[in-house]
Amino acid sequence: METTLVENLPEVTALGVIIKAIIILAVISALAGFGTYIERKVLAFMQRRLGPMHVGPFGLLQIAADGIKLFTKEDIVPQNANKLIFKIAPAITAATAFIALSSVPVFPDFTIPEMVFGVTIPLVGGVFVPSIASDINIGILFVLGMMAAGLYGPLLAGMSQANKWGIIGSARTAVQFLSYEVVTGLSILAPIMIVGSLSFVDFNNAQAGGIGSWLIWQQPVAFVLFLIAGFAETNRTPFDLLEHEAEVVSGYATEYSGMRWGMFFIGEYANMITVAIIASIVFLGGYDSSYELGWLMIILKISFFFFLMLWVRAAWPHVRPDQLMWLCWKVLMPIAVINIVVTGIVIMV
Amino acid sequence: MYEIVAFYLFSALTIGLFSVTVMSSNLLYAMTSLAAGMVLISGFFFLLGADFLGAVQLIVYVGAVMALYSFAMMFFDATRDIKEKNTNDALVFLLGGMSALMLVLMFSAPIFSENVQALYPMTEGVGNAQDVGMVLFTKYLIPFEVAALMLLVAMISGIILAGKKMDSSLTEDMDADDEIMIVKDEK
């Protein structure tokens, strides 16, 4: 029932999964830092500025400077805040983002070599590291559920900090969550009906016949809907109501500083990567494990979605909360339901 | 081995968190432990191999408790403790007695567990979602349809209750504003 991917591959051991988890944690956290640099550079390019230039060549060492700042900044907990919840909230965002990443394919399978340059690798030599840390059959549902649970971070942060901007931020979190969650589920239901499975591996295999067999050609409406809902899910710009600086100072993150704020930040970037991975696998064919470049292709697709998020941030203004609710409930949800009905009729006939 | 450790861990955490929900007079603690407990319950489904139900538990209760939060946010100051009013002793006695009876029944359940058999065991080679679907659309079709009907009724009544002034914005439309003011004055 598990591991539909594995036919003639080595067995997945507990050690392999642990190594995979460490790789995901390390690489995605680092990517979150690098993502800020890319974001600032891309935004600067689109607004005809230079962006970070002073620290290192092309401002590359800005990441290190920001990292040092985040880690060494004073960690302030407001006096009237509910201190326990205030401290837990950032961990919820970061942890759920990484738990969601545990059941999507990140990087190809590989086996750690027994020897490198004649030196035997102790302990981990010869361990098979799977591409999905936990290959469960209902991957898509689990990832969506975990990302939804991630919004408890901003919600609790806003409510616990005894700050009116925070309360507004968490009220907006609840509004946003209740609006987009329906659209995400309904939009991704149509591709699930076509493939007949909730497993990412099955989705990948169903689209193995080249560009012509990508699901985006059969489900363009669902793709656009999922993308819009994905922007809301990751709090990216057209829908970043939770911490819109011009309106509510910083929303739920108003009172946070240092690494607690950094954890929100890492969580947001990890969620962006997760949404990009889901969109690439469900609609754009995913990876092709039959040849080496297949994995490069999915990394390119993920990078494209990441770039798209930055592009949209540079190009579009924010929407108001009532506009978001109007969009989700009165426009996107009916379209998604009609899309499902049409898909169902086409499948049955 | 892993499963036993995970089961006891999840059990202890779930019971602990739900006791916080009941005992705490701080709104934020109560709601947060409720949400966390609901999420941890899905762990039991995963342990039993019912991945689909686990994920559904996760999605449904995350959304449901989030809606509860939004009400709590409207009516209470989340950073302060709430003064509870337990005036009716008879009710407390009744509820407490019923909970105790429930607990006794639950703890004595293993005595009868040999007689319990799975009516619909999992089919080999079929996914979790398909298994649930098969049972839901054959044996439990009528309860399923009744649930759908109830949700429809709830949705329609929700629209009727909330939708009287749906086309006009409360913040932009001065007429709507006047109406609110009049209602306030009458009080």
Side-chain angles (χ1 to χ4, degrees), chain A residues 1-2 4 14 78 80-86 88-89 92 96 99 103 134 136-152 155-156 158-163 166-168 170-178 181-182 184-185 192 196-199 202 320 322 326 330, chain B residues 2 20 24 26-33 35-36 38-40 42 45-46 49-74 76-81 122-132 159 162 166-167 169-172:
Chain A
M1 195 78 77
E2 299 163 5
T4 34
N80 289 327
N82 188 330
K83 298 198 171 49
L84 179 66
I85 306 281
F86 186 84
I88 288 176
I92 293 177
T96 50
I99 295 172
S103 46
S134 148
I136 46 178
N137 247 329
I138 39 103
I140 292 179
L141 271 188
F142 180 75
V143 172
L144 290 181
M146 224 54 225
M147 288 181 72
L151 274 189
Y152 274 105
L155 185 79
L156 294 176
M159 286 181 79
S160 67
Q161 63 187 237
N163 182 322
I167 286 282
I168 296 175
S170 57
R172 286 179 169 201
T173 311
V175 161
Q176 181 158 335
F177 173 81
L178 296 175
E181 188 64 9
V182 181
T184 323
I192 290 173
S197 168
L198 290 162
S199 161
D202 289 345
R320 293 197 311 263
D322 62 317
W326 172 83
K330 284 188 170 176
Chain B
Y2 284 129
V20 171
S24 172
N26 187 314
L27 188 79
L28 213 47
Y29 285 143
M31 309 265 317
T32 310
S33 55
M38 288 297 185
V39 169
L40 283 176
S42 70
F45 287 107
F46 287 119
D51 296 349
F52 179 73
L53 287 181
V56 168
Q57 162 90 15
L58 198 66
I59 291 176
V60 168
Y61 281 101
V62 161
V65 181
M66 185 78 87
L68 205 60
Y69 263 108
S70 60
F71 284 109
M73 215 184 300
M74 277 188 267
F76 300 104
D77 179 359
T79 50
R80 282 190 208 149
D81 285 1
M122 285 165 74
T123 324
E124 277 301 318
V126 184
N128 239 266
Q130 283 89 338
D131 258 341
V132 173
I159 290 172
M166 232 180 193
D167 293 329
S169 165
L170 284 177
T171 46
E172 287 170 7

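Every chain is numbered from 1 and lettered A, B, ... according to where its sequence line falls, protein lines coming before strand lines.
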Nearest-0.5 Å distance, OG1 of residue A/Thr173 to OH of residue B/Tyr69: 11.5 Å
Reported CE-to-CD distance for the pair B/Met66 and A/Glu181, which is rounded to 0.5 angstrom: 8.5 Å
Proximity of A/Phe142 and B/Phe46 rings by center, below 6.0 Å: yes
Residue A/Leu155 versus chain B: region with a heavy atom under 4.5 Å: side chain
Engaged part of B/Val60 at the chain A interface, taking heavy atoms whose separation is under 4.5 Å: neither
Among the listed options A/Ala174, A/Ser170, A/Gly185, A/Gly196, the residue most often paired with chain B at heavy-atom distances under 4.5 Å: A/Ser170
Top of A/Leu144, A/Ile92, A/Leu84 for chain B proximity - count of heavy-atom pairs under 4.5 angstrom: A/Leu84
Side chain / backbone / both / neither for A/Leu151 at chain B, heavy atoms under 4.5 Å: both
Max heavy-atom pair count under 4.5 Å with chain B, selected residue of A/Ala149, A/Gly145, A/Gly158: A/Gly145
Distance in Å, A/Asn82 CG paired with B/Leu28 CG, rounded so as to fall on 0.5 Å steps: 5.0 Å
Heavy-atom contact with chain B under 4.5 Å, split by part of A/Ser197: neither
Greater than 12 external heavy atoms within 6.0 Å of B/Tyr61's OH: no
Minimum heavy-atom distance between A/Ile138 and B/Ala55, given as atom pair plus value: CD1-CB, 3.7 Å
Point-to-point distance, once rounded to the nearest 0.5 Å, from CD1 of A/Ile85 to CG of B/Asn26: 7.5 Å
Verdict with reasoning, A/Tyr152 to B/Thr32, per side-chain contact (heavy atoms from CB on, under 4.5 Å): CA-CA 9 Å; A/Tyr152 274 105; B/Thr32 310; over 6 Å; no
